[in-house]
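Just so it is clear: chains get the letters A, B, ... in the order the sequence lines come, proteins before strands, and each one is counted from 1.
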Amino acid sequence: MPNDRAPVYIVDDEPSVCSAYARLFRSANMQPRTFSSVEDFMHADLCDENACVISDVRMPGASGLELPRLLAEAGRDLPVILVTAHDTPETRYRAKEVGAAAYFRKPVDDQALLDAIAWARSRKRPR
Amino acid sequence: MAQYTPSREFLRSTRARRSRIETDCGNVISLDVAGPDCEINESLLETEAADLRVALDRHASVVITDPLGRIMFVNDRFCSISQYSREELLGRDPSILNSGHHPAAYFRELWNAITRGEIWHGEIKNRAKDGSYYWVAATIVPFLDEHGIIRKFVAINSDITEQKRIEAELAEKLRLQKLLADLPSRFVAVQSDKIDTAIEDTQRLIVQVLGLDLSMLWQLPEHGPDMELTHFWQQNGDSKSICHSVSGANFPWLFERLLNGENVCFARLGELPPESSLDVETLRNHGVMSGLSIPLIVNGRVSGALGFATLNVERTWREDEVIELKLVAQIIGSVIGRQRAERREEQMRAELAHATRVATLGELAATLAHELNQPLAAILSNAQAARRFIAANAISLEELSVIFDDIVRDDKRAGGIIHSLRAMVSKDPAVRDPCCLNELMRDVVDLIHSEALGENIVLHSKLLPDLPLVYGSRVELQQTLVNLLINAVQAMKDAPTTDRIIEVETGIDQAFVVVRIRDYGNGIPRERLPHIFDPFFTTKPNGLGMGLSICRRIVENHNGRIDAVNGEGGGACFSIWLPIESRTACNGIL
């Protein structure tokens with residue numbers, strides 16, 4: 001896959017989770033970058049081309065559920081995949097409602113996550 | 001056979017000395033029968049002396065010794081009461097009769113008095129030849145020659161054994177009555193953990209006062225068919241004592257009577273009916289010769305028995321004793337009733353505390369799932385990343401080792417959370433150790449961390465380094481901290497978004513470690529402040545209202561104190577003081 005060295009942005013307040021995901025994405029030939037909060041991520045100067053966000057839901061500061069809206073408000077078009085350790089029907093429903101590309105419960109299987117990233121990117125491209 | 005030869009000598013001396021002899025009854029036998037200034041009729045004198053001797057023989061035992069205390073003469077009564085023959089006694093020291101009852105000083109004083117020429121009066125306990133004891137009231141008169149040198153001693157003794165027995169019985173009755181009079185007060189003020197000791201003390205005192213050998217207290221468990229021995233006292237008890245080898249099943253007849261509410265009293269085994277043969281055999285095997293058993297009534301139901309027994313000696317149980325001991329059984333019965341009620345209450349409290357811990361855990365379930373899923377997510381992704389790198393042959397051993405280190409760390413973190421959960425649902429919170437409140441607080445903050453996160457609350461911890469340890473139950477103290485922190489989180493629910501802070505602090509206040517948990521919620525309404533630690537007091541719509549009352553009970557059980565105030569600038573501040581266990585600080589923590 002020639003264009004797989006595309007960026008994956010990881011937003012999670014848990015350093016060990018960030019570094020584990022980063023490794024996973026590197027092993028799949030992606031370019032991960034990690035952020036400990038939604039605010040950090042939103043303030044960073046990033047290339048959105050072919051990129052994708054993997055975000056936790058519950059974090060200090062803004063919730064991952066606010067990301068799609070914040071990105072839209074900033075005029076950015078990035079698929080957001082939500083991965084949470086706090087899986088409730090309500091969170092799941094809200095994830096769908098705010099327009100997350102996918103929703104997973106931690107711990108998440110590598111293949112499922114990688115497939116979701118591939119799918120999210122492919123879905124974005126025709127738009 | 002020795003003849004009563006000293007009579008002449010006796011008379012000569014009396015004539016010379018004009019003696020008076022006081023008998024033990026206080027009568028004075030006047031021997032004013034002769035004197036240098038009066039003429040006497042020798043034969044009249046001899047007749048009177050002979051009569052006197054007969055009368056004296058009827059009344060008293062007489063012994064005459066030489067100046068060194070060797071027996072020179074005894075009368076018949078002396079022989080019959082001491083059971084020694086005259087031959088056995090003559091030439092011997094009267095100490096042959098020593099019972100060992102009196103201290104050596106008693107006889108030393110006696111000897112000093114009579115060798116000074118003084119008449120000695122007193123009571124002496126003697127031992128007869130067969131080993132039995134008898135008491136005499138003795139008067140010992142020294143006889144001196146014209147130079148004032150002691151020639152001999154004459155002792156006239158009255159038997160007061162029966163009088164002594166009655167006196168002893170009376171004293172025993174009085175001691176028993178005094179003991180019984182003290183008994184209710186002995187139990188009224190007693191703390192519940194001292195009740196068992198108080199019961200055994202009572203058994204010991206009764207056994208000692210009545211001169212018995214053992215006392216046993218049997219109880220019918222609340223859920224069980226067989227009597228169990230719960231309290232026991234054996235005078236000079238040995239390891240072969242009855243309590244170690246006998247179960248209630250060995251006394252089928254006895255316990256049936258007792259459970260019917262009857263007393264069982266026997267002076268000797270022979271008094272027991274044939275149908276009690278199994279009981280009698282058990283009693284005989286243990287040397288029990290007499291016994292008294294009284295049913296124990298607890299809350300209106302026969303729930304045990306109080307027994308007393310003598311070993312190797314028969315004993316008649318006087319009616320007044322039986323009545324007094326029934327009173328003892330009544331008092332002990334009511335004390336045991338109280339003890340059982342307290343134990344039930346304690347058990348219920350423990351169950352309630354456990355239920356509250358489990359309920360707290362339920363409230364925390366989502367939080368805990370989050371706390372566990374985080375490390376599990378990291379572990380899974382690390383492992384799967386490693387597998388991919390290996391499959392692609394794109395990783396060095398060094399990198400792989402870093403991944404494994406991360407996996408191990410996250411695994412330990414998950415294990416730690418599970419460990420603290422296990423403590424929360426533990427049914428046995430009683431184990432007490434030196435605890436570091438910083439460590440407990442850190443665990444609890446970790447546990448509550450995502451709960452607070454969900455409410456957008458920031459937890460500020462200010463934990464004093466090198467905090468001294470406290471002595472206590474980790475489970476209970478953790479439960480207290482969890483309770484207070486959850487309360488703080490819940491109090492913040494309606495607080496304005498700006499001040500969403502909970503401050504957690506540890507420190508030292510004199511001899512106490514103090515923990516403060518401060519929220520910036522709406523605080524506690526002033527009129528409710530005095531009641532918030534009462535049971536069933538809740539400000540939460542679906543709270544049980546037990547949380548804070550349990551917190552207080554736990555803290556007070558640890559000899560500590562808990563307090564709540566409203567903080568300046570809003571919110572509530574809970575403080576806990578726990579006594580410092582030692583000056584050893586929590587090393588390696590923080």
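- To the nearest 0.5 Å, the span separating CG on B:Asn456 from CZ on A:Arg58 amounts to 10.0 Å.
- The shortest distance between side-chain heavy atoms of B:Ile395 and A:Arg26 does not fall below 4.5 Å.
- Contact check for A:Ser16 versus B:Gln374: no side-chain heavy atoms found under the 4.5 Å cut-off.
- Checked by atom type, the side-chain pair A:Arg23/B:Gln384 shows no donor-acceptor distance below 3.5 Å.
- Look at A:Glu14 and B:Arg413 and you find a salt bridge, because one of the NZ, NE, NH1 or NH2 atoms lies within 4.0 Å of a carboxylate O, short of that distance.
- Partner of B:Ser381 under the side chain to side chain contact (heavy atoms under 4.5 Å, CB included) criterion, out of A:Leu113, A:Leu24, A:Val83: A:Leu24 alone.
- Between chain B and the residues A:Ser19, A:Ala20, A:Gly61, the most heavy-atom pairs under 4.5 angstrom are made by A:Ala20.
- With a 4.5 Å cut-off on non-hydrogen atoms, A:Asp13 touches chain B through its side chain but not through its backbone.
- For CD of A:Glu90, the number of neighbouring non-hydrogen atoms (other residues, nucleotides, ligands) closer than 6.0 Å is 12 at most.
- The contact between B:Ile403 and chain A is made by backbone and side chain atoms together, counting heavy-atom distances below 4.5 Å.
- Interface remark: of the candidates B:Ala391, B:Ala377, B:Ala394, B:Ala386, B:Ala377 forms the most heavy-atom pairs closer than 4.5 Å to chain A.
- Residues A:Lys106 and B:Leu380 are not in side-chain contact: their nearest non-hydrogen atoms beyond the backbone lie 4.5 Å or more apart.
- Top candidate by heavy-atom pairs under 4.5 Å with chain A, chosen from B:Asp406, B:Val458, B:Leu376, B:Asn382, is B:Asn382.
- No more than 12 heavy-atom neighbours from other residues, nucleotides or ligands sit within 6.0 angstrom of CD on B:Glu568.
- With a 4.5 Å cut-off on side-chain heavy atoms, A:Pro107 and B:Asn373 count as touching.
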